[in-house]
There are 2 protein chains.
Amino acid sequence: MKELNYTPNAVARSLIQRKSFTIGLMLPDITDPFLSSMAQGIEEVISDSGYHLVYGNTSRIREKEESFLLSAAQRKLDGLIITSDYMDGEMMQVLRNLEIPIVFLRRRPPAELDMPFVDVDHYKGSCRAVEYLLSLHHRHIGFIGMPDFSYTGRERYRAFCDTMQKNNIPIAEGATIFGERSYQSGYESMRDLTASYPEMTAVFAANDILAIGALEWLAEQNISVPDQMSIVGFDNLEVSNLHWIKLTTVAQPRKEMGMKSAELLMTMIQEKDSKAASILFDTELIIRRTCAPINL
Amino acid sequence: MKELNYTPNAVARSLIQRKSFTIGLMLPDITDPFLSSMAQGIEEVISDSGYHLVYGNTSRIREKEESFLLSAAQRKLDGLIITSDYMDGEMMQVLRNLEIPIVFLRRRPPAELDMPFVDVDHYKGSCRAVEYLLSLHHRHIGFIGMPDFSYTGRERYRAFCDTMQKNNIPIAEGATIFGERSYQSGYESMRDLTASYPEMTAVFAANDILAIGALEWLAEQNISVPDQMSIVGFDNLEVSNLHWIKLTTVAQPRKEMGMKSAELLMTMIQEKDSKAASILFDTELIIRRTCAPINL
DNA sequence: CTGAAAGCGCTAACAT
DNA sequence: ATGTTAGCGCTTTCAG
């Protein structure tokens, strides 16, 4: 017929097939190197399957989460990958009403939801980090954490407390502090921790950004790392391997996590029966140059 | 009627209104902190207008660009923001056939296309950087560039050459080198440059990643920055402000660029007549600690 | 001002 | 094998 640039109308096809060939990705912040790596992995497998990826940035605002989910319903998205920060009863109802496959990324779905998740074992990884510090004979270990609303932050804190307790080491008063996810916050936290817990010889920071901020303060104070203070982080960001930093940290397979979550979602979409098997990735302790055995 | 969770079908509405209320964003790599900042800005304004953002990662692969553009046509996206690396005749025809508003982000559209762009003035910003080095009495200046296929890389290189020439300073043999966008590449480039141009006292690196890689090599060789070698970068990444780095560099308003491009697109969509006015942002030279006047 | 009908561009079911 | 028709869920138009 007309061989002159005719393009089928996918909207019409979607209407009759009740499939939009589009999946939604809801993230708090695409600017986070961690999340953008996962997003890249997701986009890769999704687009290879001929699907589109609609991306929504929530900025951790409840209202934005809701409006994304609502519009996902209206546009008949075929599936969702979400990193949600507000999973209460109302939100759960919204998700249920969607009646489409959903996988949680980096978050656990509430027990009553029966949806799969893809994440890394924050707890286990953090235990490993603290145990490493313990194996270096540190006994006065401080903790720089993330704000209370952060799921990953809570898990890593829980691991810190449990590991200390399991080894019969009391957590000193003033040994823990919580900040935001910024260099500045790590810097200030390290300063405050040093004041409130002077015996401290090591600190476990709940993420690399915080750890690097801490390192900055120590460098400014001419407190030598690792000779006078050992630091371990979590995330293994690109920057953590920089010559001046060489942070000992816990690595997670970021892009792979994204890809797996997308693959999981695609099979859920393609095979209606699919029994949603969550995936929990393992972490790896990357030993670099910010930890040393304690000086006896 | 039924007040029990009824959601209008946006697909049906799209079909009749010939509007998908969705715009497309085509980027080479969402993992690039620069691009993800822009993406965040775009998403913000787009979603505030009730639109969806479909994001496609091209990985600088021509085939992926084409397939994204084609599927944009099929799904009747209402507009596009693209960072394209392959704007030849065929690609231009694809864009024209779309018959929807398109804005180029961080790329110039070919003259025959009459589409607006949003970018920063790489040329002017780079001239400023080189002039700064010149004002510090450096005469033996090296250049670490990006690969030839990079538009921004070419502009920054052109600025380097022009500024040197304008000041009657010949560019020495072996004073320029080109790498990829990685710390590793900056590291190796600095090493090679030092060998091929031993008189060199300063280098302009076409981006911060390269500059930081160069700084790493210098630190390993115990070549003092800025006493023995001055470095200036381009981008003003978060990491460039780290205590150990404090890189003098050229800053660009990343998130704002994204927001402006989205606003531009939205007005093009809403007002059919719109006469597409491109936006060229200015850069700012951020002076930190990696440059010093030459030692006479 | 409210209500029925036509139609967007496709696919699937049906008839030729 | 090919051709015709109904209808997806809306919006818009036109009639009542």
Are more than 12 heavy atoms from other residues, nucleotides or ligands located less than 6.0 Å from atom CG of A:Asp88?
yes
Nearest whole Å is fine: how far is C:dA12 C1' from A:Arg13 CZ?
14 Å
Atom pairs under 3.5 Å, N or O on each side, protein against nucleotides 2-8 of chain D: can you list them with distances?
{"from": "D:dC8", "atom 1": "O3'", "to": "A:Arg18", "atom 2": "NH2", "distance (Å)": "3.1"}

Phosphate-side-chain proximity, B:Tyr6 and D:dG9, N/O vs OP1/OP2 below 4.0 Å:
no
Output the rounded distance in Å from CD (B:Gln74) to C1' (C:dT11).
15 Å
B:Phe234 and B:Gly125: which non-hydrogen atoms are nearest, and at how many Å?
CE1-C, 3.9 Å
Stem ranges of DNA chain D by first residue number, counting only runs of at least 3 Watson-Crick or G-U pairs under 3.5 Å, come to C:1-14 with D:3-16
Do the non-hydrogen side-chain atoms of A:Glu90 and A:Glu66 ever get within less than 4.5 Å of each other?
yes
Take atom CD in A:Glu63; do more than 12 heavy atoms of anything else shown fall under 6.0 Å from it?
no
Can any side-chain N or O of B:Gln252 pair as donor or acceptor with the backbone N or O of B:Val120 at less than 3.5 Å?
no
How far apart are the closest heavy atoms of B:Glu180 and B:Ser185, and which atoms are they?
N-OG, 2.9 Å
Given the ring of A:Phe149, does A:Arg60 sit roughly above its face, with NZ or CZ under 6.0 Å from the centre of the six-membered ring and within 45° of the axis?
no
B:Lys19 atom NZ is separated from D:dT11 atom P, nearest whole Å, by 14 Å
Once the angle between the rings of B:His52 and A:Phe68 is folded into 0 to 90°, is it parallel (under 30°), tilted (30 to 60°) or perpendicular (over 60°)?
tilted
Can you tell me how far P of D:dC10 sits from CD of B:Gln17, to the nearest Å?
12 Å
